Peer 1: 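Before I ask anything, here is the structure I am working with.
All figures in this text were calculated on a predicted structure; none of them were measured in a lab. Heads up: numbering here begins at 1 and tracks the sequence.
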Amino acid sequence: AFNLFAEMKGVLSISFLFCCFLLLLDSSISLPLCVDSRAPLTLNKTLEFCPYNGSSCCNSTEDSQIQKQFQVNNVSDSACASVLKSILCARCDPFSAELFTVQSSARSVPVLCNSTVPANSSQSKTQVEDFCSEVWNTCKDVPIVNSPFSPSLQGQAGAPAHTNATKLTDLWQSKTDFCTSFGGSSDNSSVCFEGEPVSLNKTETSVTPPHGLCLEKIGNGSYLNMVAHPDGSNRAFFSDQRGKVWLAILPEEGSGRTYELDESSPFVDLTDQVYFDTQFGMMGMAFHPDFAKNGRFFASFTCDKSKWSGCNGRCSCNSDVNCDPSKLDTDPGVQPCQYQTVIAEYSANSTGSEPSSVESAKPTEVRRIFTMGLPFSSQHGGQILFGPDDGYLYLMMGYGGSVGDPYNFAQNKKSLLGKIMRFDIDNIPSAAEITKLGLWGNYSIPNDNPFSEDNDLQPEIWALGMRNPWRCSFDAERSSYFLCADVGQDLYEEVDLITKGGNYGWRVYEGPYLYNPPKSPGGNTSVNSINPIFPVMGYHHSELNKNEGSASITGGYVYRSTTDPCMTGRYLYGDLYAGAIWAATENPENSGNFSSSRIPFSCAHDSPIQCQSTPGNSLPALGYIFSFGEDNNKDVYVLTSTGVYRVVRPSRCSYGCSQEKATTTTTPTPSPSHASRWSLLPQYLLLQCSFLLLILFHFM
């Protein structure tokens, strides 16, 4: 009986530890990011102390500060001094955010490589020395004043208490304890520090573009937005530019069925509030992460203050940004800031039913989140979405129109035009506080917005230097990858990898090229005064639409569905006019470096709705590519002027894909009333861990 008890206790202990390990796994993989969540700087010359050039998370001032810290450490042994210098300088590494942060906890030193790099490692060396052991063996008996290896700095307890300890052997009981605390290994989802700048593997085989993209047409409706239902089911919301939102049931891939959507019965009709025209309308919608419980949802649209009393925001052209509304060169008959961008909150909670089961909502505005008058009649973006990790609401705002951004709004840190903004809509200040702070609506400012480090920035701003962001998305598996397509002027269309406080160049640059505006009543920003982050992918106007002479990028998604395994991990995007689609591959993985290829696409021979062909070739006539969408299975959709298309198995278009199984079984689609089991995995694991812990305590 005792042996059975002991075995049971051992099994439960292992199960509990494994369960907790699963909970600790973080699917978000860092691209090159600094510890302050900003993108690395581009250096003009090598730093004087730390051996970094080209790209670094340190400027000359920070490099000097690290040198002073090293001098304070006062290490007399040359070998240990060399090791310590490399560790201190790791804060300058372009991957320092990942090196110095583990499970959201900051570290005093980077994760030190403590094992041979496995075959699936993202780092370049196939065999890395046990650097953590090297640090211990080299420095264990060397005094280090103000040692960064102190257990208290690492949040550790249980090490010997030595008030004035300077040696590793005084601070730590053994090399095992030291490397348990500071060590780690590299795999395909993380990196570790081995004494020199992090370098990643090339993955040449993954660069080969897929043979083609296979589509099935599941509906004839034309929409600007698609959002998967937050309850994890096989439902999605679609909205059009006029201001109507529909709730649709999506069919299983390959079922031969179309989506179930009743055009005559919208989920909500906001057309009385939305001003609709070629450049205006409902541009975005977002559902609160807890929509299934609280019923909160949001619409982003333009209004006309001459037609609706609710259109009453401040003008974005004002004295704070050195702009005089009376001098704006507006269209004939249009008043300055007559058209305004609005984010309004609505509720699906008013019927008494569970919000997840509600099929219609009232168009009654609950709260005005944001209102701002537009200087001109174009280039005002308008997409909204919630951050998957922080739960904050992001607004993508264009520069406001007129050729070349004459008032230089996108570079003006006091203007909200040409910016990506980030709001906290869960903590609403009082009306008096909103007025005092000069906010543009009912929201508060997240404490870690970039203004906390740059006093010149308006507090709402997350990133600047955007021209007209048109469709942004977070990678479903790596939330640090926030990709935004930005429409160009007349030369280059781009996709940017958005980071905290990043400046994406407009109007100093259009894509990677210097831009010369035709007029500048608002002044100019000098090239040397900014540190621009250049596009990770894009294309020239001359590459397509030679007859029309125009192009306009439409951003998409990193493909994370299992439906087309040859597309997995590639970023899909298109062009509004050309009916062209690109697939971009990151190489090396996790590097932030992408290569793109324009890929052919076809309509499945068994598509539920047959596709029309483009005159003169066999490509499906998609029309205008307005947007992309993603459902709860991570299948990707193309929203066009001719209908809704879904990316399906390549074999349905006779495209070869070695990863596609000969007989593919359709992934079961969640029913409308049941959330995706995978979306509930963390909660399930937590319950299982708690249950195991209770049993374990019982046996103890």
Peer 1: Quick check: F237 with F267 (ring centres under 6.0 Å apart)?
Peer 2: yes
Peer 1: Take Y645 and T640, measure what side-chain hydrogen bond (donor to acceptor under 3.5 Å, both in side chains) needs, and give me the verdict at the end.
Peer 2: CA-CA 8 Å; Y645 300 80; T640 78; 4.6 Å; no
Peer 1: Is it the case that more than 12 heavy atoms not belonging to E359 sit under 6.0 Å from its CD atom?
Peer 2: no
Peer 1: For the side chain of Q273 and the backbone of P363, is there at least one donor-acceptor N/O pair under 3.5 Å apart?
Peer 2: yes
Peer 1: Using a 3.5 Å distance criterion without hydrogens, assess whether the side chain of H380 forms a donor-acceptor pair with backbone atoms of Q279.
Peer 2: yes
Peer 1: Would you compute the distance between atom NE2 of H229 and atom CG of N234 and round it to the nearest 0.5 angstrom?
Peer 2: 10.5 Å
Peer 1: Okay, side chain of E477, backbone of R560: is any donor-acceptor separation there less than 3.5 Å?
Peer 2: no
Peer 1: Ignoring hydrogens and angles, state whether a donor on the side chain of S347 or N349 is under 3.5 Å from an acceptor on the partner side chain.
Peer 2: no
Peer 1: Quick one: does any side-chain atom of Q241 pair with a main-chain N or O of F280 as donor and acceptor, under 3.5 Å?
Peer 2: yes
Peer 1: For the pair T563 and V647, evaluate side chain to side chain contact (heavy atoms under 4.5 Å, CB included) and give the outcome as yes or no after the intermediate values.
Peer 2: CA-CA 8 Å; T563 302; V647 178; over 6 Å; no
Peer 1: Is there a donor-acceptor pair under 3.5 Å between the side chain of S607 and the backbone N or O of I609?
Peer 2: yes
Peer 1: Fit a plane to each ring of Y573 and W582, take the angle between them on a 0 to 90° scale, and name the class: parallel (under 30°), tilted (30 to 60°) or perpendicular (over 60°).
Peer 2: parallel
Peer 1: For the side chain of K244 and the backbone of E263, is there at least one donor-acceptor N/O pair under 3.5 Å apart?
Peer 2: no
Peer 1: Could you tell me how the ring of F287 sits relative to the ring of F297: parallel (under 30°), tilted (30 to 60°) or perpendicular (over 60°)?
Peer 2: parallel
Peer 1: Is it true that E253 and R649 have a side-chain N and a carboxylate O under 4.0 angstrom from each other?
Peer 2: yes
Peer 1: Would you say that more than 12 heavy atoms from the other residues, nucleotides or ligands in this model lie under 6.0 Å from the CZ of R242, or not?
Peer 2: no
Peer 1: As a test of understanding, state which of L497, I420, V495, I553 forms a side-chain contact (heavy atoms from CB on, under 4.5 Å) with C484.
Peer 2: I420
Peer 1: Decide, based on the SG atoms alone, whether C214 and C653 are under 2.5 Å apart.
Peer 2: yes
Peer 1: So does D426 pair up with R296, basic N to acidic O under 4.0 Å?
Peer 2: yes
Peer 1: Indicate yes or no for a side-chain donor-acceptor contact from T642 to the backbone of L622 under 3.5 Å, with no hydrogens or angles considered.
Peer 2: yes
Peer 1: With distance as the sole criterion, is a donor-acceptor pair present between the side chains of T585 and N587 under 3.5 Å?
Peer 2: no
Peer 1: I'd like to know if the side chain of D269 reaches the main chain of T271, judged simply by a donor and an acceptor atom lying under 3.5 Å from each other, with no hydrogens or angles considered.
Peer 2: yes
Peer 1: What verdict does the side-chain hydrogen bond (donor to acceptor under 3.5 Å, both in side chains) test give for E494 and Y504, after you've listed the backbone C-alpha separation in whole Å, the side-chain angles of each residue and the deciding distance to 0.1 Å?
Peer 2: CA-CA 10 Å; E494 66 185 82; Y504 294 88; over 6 Å; no
